[in-house]
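Notes follow once the structure below has been shown.
Because the structure is predicted, anything quoted here is derived from the model rather than measured.
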Amino acid sequence: MSRPGRDEDPDRLYTLTGGRSRAGSAAAAFDLVTLVVSESEPTAGMQSEHATILRLCQYPTAVVEIAAELRLPISIVKILLCDLLDQGRITARHPRTAPATPPGTRTAVAATGTGGPVPHAAPLPDPHLLEQVLVGLRNL
C-alpha cells in the first residue's frame with residue numbers, strides 16, 4: 001500500500017520547491033496546527049499548488065489539513081507556505097487560547113474603543129482525554 005507523500009516522485013517534489021529542501025526563515029511560523037488564511041485570490045500564471053492553497057485557505061485552515069488536501073509531505077507544504085507568506089498572500093497564526101475569564105470577573109475593554117468586552121476562548125481540553133481519543137482513533 002502506498003502512502004501519500006512518501007512514494008512521490010522526487011523529481012516532482014524538487015520541481016515544486018524550486019530545488020529547496022528547507023523552508024526559509026519564516027518556517028518557524030508554521031507547525032502542524034498553525035492556522036493559515038489567504039489574503040488574496042489566485043492569479044494567472046501562479047503555481048497550481050500555490051493557487052490551491054489560496055483557495056483552501058479562504059477560511060482558517062491548519063497546515064496539516066493543507067498537506068492532506070494536497071497529498072504532499074509537510075516539509076514541502078511548509079516551503080510552499082513560506083513562499084506565499086513572503087509574498088503577503090497568506091497570514092498565519094497559532095491557535096493559542098486565552099485563559100477563560102472566571103464568572104463574575106470584569107473583562108478588558110476592547111482596544112478598538114467600542115467598549116465591548118474582549119472575547120475569551122474556552123480552556124484547552126484535558127490532555128488525558130485527548131490521549132484517549134488518539135488511542136481510539138488509532139484502533140479504528
Query raised in the report: Would Phe30 and Val36 count as a side-chain contact (heavy atoms from CB on, under 4.5 Å) if you check the C-alpha gap in whole Å, the side-chain angles of each, and the deciding distance to 0.1 Å?
Result: CA-CA 9 Å; Phe30 300 107; Val36 178; 4.1 Å; yes
Query raised in the report: How about Glu49 and Asp83: do any of their side-chain heavy atoms sit closer than 4.5 Å?
Result: no
Report task. State, yes or no, whether a side-chain contact exists between Ile53 and Ser38 at a heavy-atom distance under 4.5 Å. Result -> no
Query raised in the report: Rounded to the nearest 0.5 Å, how far does CD1 of Ile79 lie from CD1 of Ile76?
Result: 5.0 Å
Query raised in the report: Say you draw a straight line from CD1 of Ile66 to CG of Leu32; how long is it, rounded to the nearest 0.5 Å?
Result: 11.0 Å
**Report entry** Leu80 and its side-chain contact (heavy atoms from CB on, under 4.5 Å) partner, picked from Leu85, Thr52, Leu72
**Finding:** Leu72
Report task. Say whether Leu140 and Val133 are linked into one hydrophobic cluster, either directly or through other cluster members, by side-chain heavy-atom distances under 4.5 angstrom. Result -> yes
Query raised in the report: Cluster question for you: counting only ILVMFWY and a side-chain heavy-atom cut-off of under 4.5 Å, with indirect links fine, are Met46 and Leu70 together?
Result: yes
Name every donor-acceptor pair, under 3.5 Å, that has one atom in a side chain of residues 57-65 and the other anywhere in the protein, sequence neighbours excluded.
{"residue": "Thr61", "atom": "OG1", "partner": "Leu56", "partner atom": "O", "Å": "3.1"}
{"residue": "Thr61", "atom": "OG1", "partner": "Tyr59", "partner atom": "O", "Å": "2.8"}

Query raised in the report: What closest approach, in Å, do Ser40 and Arg89 show between heavy atoms, and which atom pair accounts for it?
Result: OG-NH1, 3.2 Å
Query raised in the report: Any idea which heavy atoms bring Thr91 and Glu39 closest together, and the distance?
Result: OG1-OE2, 3.0 Å
Requested in this report: Using a cut-off of 6.0 Å, state whether more than 12 heavy atoms not belonging to Glu41 lie near its atom CD.
Outcome: no
Requested in this report: Would you indicate whether Gln132, at its atom CD, is surrounded by more than 12 heavy atoms from other residues, nucleotides or ligands within a distance under 6.0 Å?
Outcome: yes
